[in-house]
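Please read the structure below before turning to the comments.
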Amino acid sequence: SQKIEQNSEALNIQEGKTATLTCNYTNYSPAYLQWYRQDPGRGPVFLLLIRENEKEKRKERLKVTFDTTLKQSLFHITASQPADSATYLCAHNTGTASKLTFGTGTRLQVTL
Amino acid sequence: DGGITQSPKYLFRKEGQNVTLSCEQNLNHDAMYWYRQDPGQGLRLIYYSQIVNDFQKGDIAEGYSVSREKKESFPLTVTSAQKNPTAFYLCASSTRGADTGELFFGEGSRLTVL
């Protein structure tokens with residue numbers, strides 16, 4: 001069965017640096033990948049979506065890439081700020097909008 | 001403001017009791033979902049509904065029940081048959097038929113079984 005994997009270890013970076021989070025999937029390539037941000041005790045908030053025929057997507061300081069050869073999506077936050085500290089979830093769907101499968105999330109901690 | 005409202009935010013239950021979590025949305029979305037989140041695990045889909053009066057089981061539906069009598073509402077009942085109900089429950093909605101399926105989440109309900 002399809003699995004979606006994120007690094008369970010927290011990522012600690014210094015303010016101003018670029019944070020890079022990884023999302024790997026097994027087996028077949030999903031139609032698209034989504035990235036969400038989740039703060040402690042809150043619901044996830046949608047950030048970006050990238051389709052399988054897109055290499056890169058940008059939104060302000062955020063950038064997502066999708067490499068179907070490596071079966072991987074990378075999520076970048078440039079010029080990171082302490083306010084970016086949160087858990088970031090990736091999710092995929094194979095074309096049916098009804099069900100998303102989520103990774104476990106990677107916690108990002110940005111320090112001064 | 002449009003959004004999804006879950007209640008209660010915190011709920012305590014004794015073993016053997018059924019509890020119902022409320023989820024209301026005013027986004028005019030056709031599709032609604034219930035996920036469960038446990039530490040160290042991804043969100044797992046319990047039930048989803050794409051249209052009023054219809055719903056499907058997700059990956060972990062055992063011990064749960066839902067109804068979808070109104071477009072705006074999708075309550076989840078955690079029954080006494082659910083063996084490990086302590087968790088963070090998230091309700092979400094999306095536009096039906098959209099191929100992207102971006103989800104809008106509520107703030108969650110944390111259920112603790114005493």
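All chains are named by letter (A, B, ...) in the order of the sequence lines, taking the proteins before the strands, and each is independently numbered beginning at 1.
Remark: the backbone N or O of B/G3 is paired with a side-chain donor or acceptor of B/N26 at under 3.5 angstrom.
With a 4.5 angstrom heavy-atom cutoff, B/E107 touches chain A via backbone and side-chain atoms both. For B/L90, the part sitting under 4.5 Å from any heavy atom of chain A is the side chain, from C-beta outward, and nothing else. A/Q38 touches chain B through its side chain: at least one heavy atom from C-beta onward sits under 4.5 Å away, while N, CA, C and O do not. Contacts between B/Q6 and chain A at a heavy-atom distance below 4.5 Å are absent for every atom of the residue.
Between A/F102 and A/Y36, the ring center distance clears the sub-6.0 Å criterion.
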Check: A/F75 and A/W35: ring pair (Phe, Tyr, Trp, His ring centres under 6.0 Å), yes or no, with the steps?
Finding: CA-CA 8 Å; A/F75 177 81; A/W35 285 88; 4.9 Å; yes
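Atom CG of residue B/L114 and atom OG1 of residue B/T86 lie 8.0 Å apart, to the nearest 0.5 angstrom. With rounding to the nearest 0.5 angstrom, the OG1 atom of B/T5 is 12.0 Å from the CD atom of B/E72. The line from OG of B/S80 to CZ of B/R13 is 6.5 Å long, rounded to the nearest 0.5 Å. To the nearest 0.5 Å, the span separating CZ on A/R51 from OH on A/Y32 amounts to 8.0 Å.
Both the sub-6.0 Å distance and the 45° axial angle are not jointly satisfied by B/R68 relative to the ring of B/F55.
Ranking A/P44, A/G41, A/G105 against chain B, the residue ahead of the rest is A/P44, based on heavy-atom pairs under 4.5 Å.
Of all residues spanning residues 82-89 of chain A, those with a heavy atom less than 4.5 Å away from chain B's heavy atoms are A/L89, arranged by number.
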